[in-house]
Amino acid sequence: MATVLIVEDEAAIADTLVYALQAEGFNTRWSTLAGEALALLEREAFDLVILDVGLPDISGFEACKRLRRFSDVPVMFLTARNDEIDRVVGLEIGADDYVVKPFSPREVAARVKAILKRMSPREVLPKPAEGPFRLDSERVRIDYHGQPLSLTRLEFQLLQCLLGQPERVFSREQLLDALGVAADVGYERNIDSHIKSLRAKLRQIAPQAEPIQTHRGLGYSLKLE
Ligand code: CA
């Protein structure tokens, strides 16, 4: 059974989340302060963190940055304002999804489920990669031409998805699905940025090869040679 850590200073909001998540069979823990939550995350394993952006001690953004120094646990942000959303959608924060207040607790629970489904090893078990790629999903690692790629989790998931079906053209929407993030305009543009940085990392190892192909108006595919 998965355990979700809720970091939210408003008890009424936390309560509705606890209720909705427990109704879906999740264990929950609740923390009102980012500092307290980070200490907890260092000591214990959680399957997912729901993180409010507006917390009394430090912001959810700062908390997520600190969290990413030691953990890859999926993070879903709770945001209250549009200017916060822009930052959540930004690449550097390392969030997996976000919901805007006021939200439907049931929808949050459904999204939590979707993210965890994506993360579960059984679900992401791909076909063995061929060509220059070697994928080790348990160690969350992909070697390219015998060299380990240093990937963010989203880049890893993207490449893993493309590797799962070489030559198949994935639309941006399908790639978003594979990442388990909500499809909206900001995220579609983000797919392009992730692909761009992924290509740059591949090029560092093999400057001539261009394994990720762009199909104008359609999406991306992966060529194995
Ligand atoms: Ca708050």
Side-chain angles (χ1 to χ4, degrees), residues 1-120 152-154 157 176 179-191 193-194:
M1 191 186 287
T3 304
V4 177
L5 175 63
I6 299 162
V7 192
E8 165 63 75
D9 55 309
E10 282 169 73
I13 292 175
D15 275 351
T16 63
L17 287 174
V18 166
Y19 183 80
L21 289 167
Q22 286 182 353
E24 295 288 341
F26 292 104
N27 287 320
T28 55
R29 297 283 292 277
W30 172 37
S31 197
T32 52
L33 296 172
E36 182 184 275
L38 286 169
L40 204 55
L41 282 154
E42 270 185 297
R43 284 199 310 270
E44 293 174 37
F46 291 91
D47 297 284
L48 188 137
V49 181
I50 296 180
L51 188 54
D52 183 30
V53 172
L55 291 165
D57 52 348
I58 55 171
S59 80
F61 295 133
E62 180 57 29
C64 189
K65 249 164 67 188
R66 294 187 194 176
L67 175 65
R68 285 289 173 252
R69 290 178 199 153
F70 64 88
S71 169
D72 241 1
V73 64
V75 170
M76 180 190 288
F77 274 114
L78 301 179
T79 76
R81 301 193 313 262
N82 282 329
D83 55 326
E84 290 178 349
I85 297 166
D86 291 342
R87 291 197 58 197
V88 173
V89 174
L91 296 176
E92 69 283 5
I93 304 258
D96 294 84
D97 203 354
Y98 67 92
V99 286
V100 182
K101 295 175 180 180
F103 52 78
S104 136
R106 283 177 65 188
E107 193 204 332
V108 174
R111 292 222 204 161
V112 166
K113 265 177 147 174
I115 294 173
L116 291 176
K117 202 173 155 205
R118 294 289 168 211
M119 301 293 297
S120 101
T152 65
R153 195 174 34 170
L154 286 180
Q157 289 175 318
L176 283 167
L179 300 183
V181 295
D184 66 23
V185 177
Y187 267 116
E188 291 219 356
R189 268 185 271 120
N190 262 359
I191 286 285
S193 329
H194 288 301

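We count ligands from 1, going down the list as the structure has it; atoms in each ligand are counted the same way. Residue indices begin at 1 and follow the sequence shown.
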Between Ile115 and Leu48, does the side-chain contact (heavy atoms from CB on, under 4.5 Å) criterion hold? Intermediate values first, please. CA-CA 9 Å; Ile115 294 173; Leu48 188 137; 3.8 Å; yes
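Applying the side-chain hydrogen bond (donor to acceptor under 3.5 Å, both in side chains) rule to Arg153 yields the partners Asp96; only residues at least two apart in sequence or on another chain are considered.
Summarising the geometry, atom CD1 belonging to Ile13 is positioned 11.5 Å from atom CD1 belonging to Ile50; distances are rounded to the nearest 0.5 Å.
Residue pairs meeting the side-chain hydrogen bond (donor to acceptor under 3.5 Å, both in side chains) criterion with at least one member in residues 39-51, sequence neighbours excluded: Arg29-Glu44.
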Side chains of residues 3-10: which donor-acceptor partners sit under 3.5 Å, not counting sequence neighbours?
| unit_1 | atom_1 | unit_2 | atom_2 | d |
| --- | --- | --- | --- | --- |
| Glu8 | OE1 | Lys101 | NZ | 3.0 |
| Glu8 | OE2 | Glu10 | N | 2.8 |

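Distances under 3.0 Å from the Ca ion (ligand 1) pick out the protein N/O/S atoms Asp9 OD1, Asp52 OD2, Gly54 O.
Considering Arg111, Lys113, Arg106 in turn, Lys113 is the only one that fulfils the salt bridge (charged side-chain N to carboxylate O under 4.0 Å, His left out) rule with Glu24.
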